[in-house]
Amino acid sequence: MVKFRKKIFCIAGTLLALLVIAILYLHNRSFAVLSPRGPVSHKEKSLIVFAAILSCIVVIPVYALTIVIALRYRETNRTRKVKYRPNSDHSRIFEGIWWGIPLIIVSVLSVVTWQSSHALDPYKSLDATVKSINIQVVNLDWKWLFIYPDNRVASVNQVAIPVNTPINFVITSDTVMNSFWIPQLGSQIYAMPGMITQLHLMATKGGDYYGSPANISGKGFASMTFDVKALSTSAFNTWISHAEASSQKLSLQAYERLSAPSVNNPVEYFSSPSTNLFTYTVMKYMEPGGTQ
């Protein structure tokens, strides 16, 4: 019995030490999805935390009971406190607990999921006192093209947005399917050839964030990230002016060269993108005889 208790204390001490190490390691670490910088990501963080806490109501007791049952009813336990009760397998109390609690949790999660699915609909416009900005996004191998149709500029692997301004991302793909994601601003949504998806986001705090693909798309997937610059209105206008001054014109011919596969493509700026470039990219997968 003494040796067994020593083993228990040793195991408990090891688990406690690992827990302390994990807490110390994570204390100064920042996780993008848990560091929201926009209204959508704030709501998503609250949903993640709520679901995690609700899940712990089941997870913690299950693990605790697993340890207790394994220790109490082990073969070598010869104490009188353990009794063999072969007829106690249909307890109404126990049946009510392990069916009732999960039923309540699933019911709560169902209501929350229904409400949050509508509240966080990526196609739903965000409320704001300022006019939204339209940005067209094209997924390429292995880079992202951003077109500002109202400003007549475009960029590769960098997107600038003004703070506290709703952004309407209109997204498609000129290659295989991928997923467009800015973790600190909110939801991800698929980019698919021949289709258009939308995503409404807004940054409430200035800074440099990163965007990422979230669907494996080949050898260049790992480096297919892009910079997100949340700027003040004046800084955003300066960024637009810098792009307008670019000597590179994004004609249809230039786009065809740009769309060729490349890995670790540098940030590029273009002026005067073709007015029908985004529509051309979508329609060429839909017209008879188009690229498939």
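These values consider heavy atoms only, across backbone and side chains, with no hydrogens, waters or symmetry-generated copies.
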Is there a side-chain contact between Val263 and Met224, using heavy atoms and a 4.5 Å cut-off? no

List the steps and the verdict of side chain to side chain contact (heavy atoms under 4.5 Å, CB included) for Trp142 and Ser217. CA-CA 8 Å; Trp142 285 272; Ser217 58; 3.6 Å; yes

So the side-chain hydrogen bond (donor to acceptor under 3.5 Å, both in side chains) pairs with at least one residue in residues 108-123 (sequence neighbours excluded) are none

What residues, two or more places apart in sequence or in another chain, satisfy salt bridge (charged side-chain N to carboxylate O under 4.0 Å, His left out) together with Asp208? Lys229

Could you tell me the separation between the CD1 atom of Ile133 and the CE atom of Met202, rounded to the nearest 0.5 Å? 12.0 Å

Got a sec, which residues hit ring-ring contact (aromatic ring centres under 6.0 Å, His included) with Trp239, two or more places apart in sequence or on another chain? Tyr148, Tyr269

Sorted by chain and number, sequence neighbours left out, ring-ring contact (aromatic ring centres under 6.0 Å, His included) with Trp99 holds for none

Distance, nearest 0.5 Å, that separates OG1 of Thr238 from NE2 of His242: 11.0 Å

Hey, does the side chain of Gln184 reach the backbone of Ser35 with a donor-acceptor pair shorter than 3.5 angstrom? yes

Shortest non-hydrogen contact from Gly186 toward Val40: CA-CG1, 4.0 Å

Quick note, side-chain hydrogen bond (donor to acceptor under 3.5 Å, both in side chains) partners involving residues 165-175, not counting sequence neighbours, are Asn134-Asn168, Asn139-Ser173, Asp141-Thr175, Asn168-His200, Asp174-Tyr255, Asp174-Lys284, Asp174-Tyr285

Looking at Leu109, I'd like to know if its CG atom is crowded, meaning that more than 12 non-hydrogen atoms belonging to other residues, nucleotides or ligands lie closer than 6.0 Å. yes

If I take atom CG from residue Leu201 and atom CD1 from residue Ile182, how far apart are they, to the nearest 0.5 angstrom? 6.0 Å

Linking I/L/V/M/F/W/Y whenever their side-chain heavy atoms sit closer than 4.5 Å, directly or via other members, would Leu34 and Tyr210 fall into one cluster? no

Sequence neighbours excluded, the answer for side chain to side chain contact (heavy atoms under 4.5 Å, CB included) partners of Met195 is Met192

Kindly give the heavy-atom pair with the smallest separation between Val58 and Pro61, and that separation in Å. O-CD, 3.4 Å

Can you name the nearest heavy-atom pair linking Leu250 to Ala154, along with the distance? CD2-CB, 3.8 Å

All side chain to side chain contact (heavy atoms under 4.5 Å, CB included) counterparts of Tyr63, not counting sequence neighbours: Val59

Separation between NE2 of His42 and CG of Leu185, rounded to the nearest 0.5 Å: 10.0 Å

4.5 Å side-chain heavy-atom contact, Tyr190 and Met177: yes

Closest contact, heavy atoms only, Lys124 versus Ala119: CD-O, 4.1 Å

With a 4.5 Å cut-off on side-chain heavy-atom distances among I, L, V, M, F, W and Y, is there a chain of contacts connecting Ile104 to Val62? yes

Straight-line distance of Asn265 CG to Leu258 CG, nearest 0.5 Å: 6.5 Å

For the residue pair Ser155 / Glu268, report whether a side-chain donor-acceptor contact shorter than 3.5 Å exists. no

Among residues at least two apart in sequence or on other chains, which ones pass side chain to side chain contact (heavy atoms under 4.5 Å, CB included) with Ala230? Ile161, Val163, Ala203, Tyr209

Which value, rounded to the nearest 0.5 Å, describes the distance between Leu126 atom CG and Asn164 atom CG? 11.5 Å

Side chain of Thr204, backbone of Arg37: donor and acceptor closer than 3.5 Å? yes

Over all atoms of both residues, closest heavy-atom pair of Val137 and Phe146: CG2-CD2, 3.8 Å

Could you tell me which residues satisfy side chain to side chain contact (heavy atoms under 4.5 Å, CB included) with Ala214, sequence neighbours excluded, listed by chain and number? Ser179, Trp181, Gln188

Non-hydrogen side-chain atoms of Val159 and Ile135 separated by less than 4.5 Å: yes

Can you give the donor-acceptor pairs under 3.5 Å from side chains of residues 271-278 to other protein atoms, not counting sequence neighbours?
| residue | atom | partner | partner atom | Å |
| --- | --- | --- | --- | --- |
| Ser271 | OG | Ser246 | O | 3.0 |
| Ser271 | OG | Gln248 | O | 3.4 |
| Ser271 | OG | Lys249 | NZ | 3.2 |
| Ser274 | OG | Asn276 | OD1 | 2.7 |

Partner residues of Phe180 under the ring-ring contact (aromatic ring centres under 6.0 Å, His included) criterion, sequence neighbours left out: Trp144, Phe169, Phe226

Connected-component partners of Val106 among ILVMFWY, side-chain separation under 4.5 Å: none

In this structure, would Tyr280 and Phe270 fall into the same cluster of hydrophobic residues linked by side-chain contacts under 4.5 Å? yes

Just so I know, are the side chains of Ile189 and Ile171 near enough to count as touching, which here means a heavy-atom distance under 4.5 Å? yes

Ser262 side chain near Lys143 side chain, heavy-atom distance below 4.5 Å: yes

Mind checking whether Val108 and Ile101 sit in one hydrophobic cluster, side chains of I, L, V, M, F, W, Y counted as touching below 4.5 Å? yes

How close do Phe221 and Pro213 get, counting heavy atoms only, and between which atoms? CE1-CG, 3.5 Å

Are Leu252 and Ile147 connected in a single hydrophobic cluster, I mean Ile/Leu/Val/Met/Phe/Trp/Tyr linked by side-chain heavy atoms less than 4.5 Å apart? yes

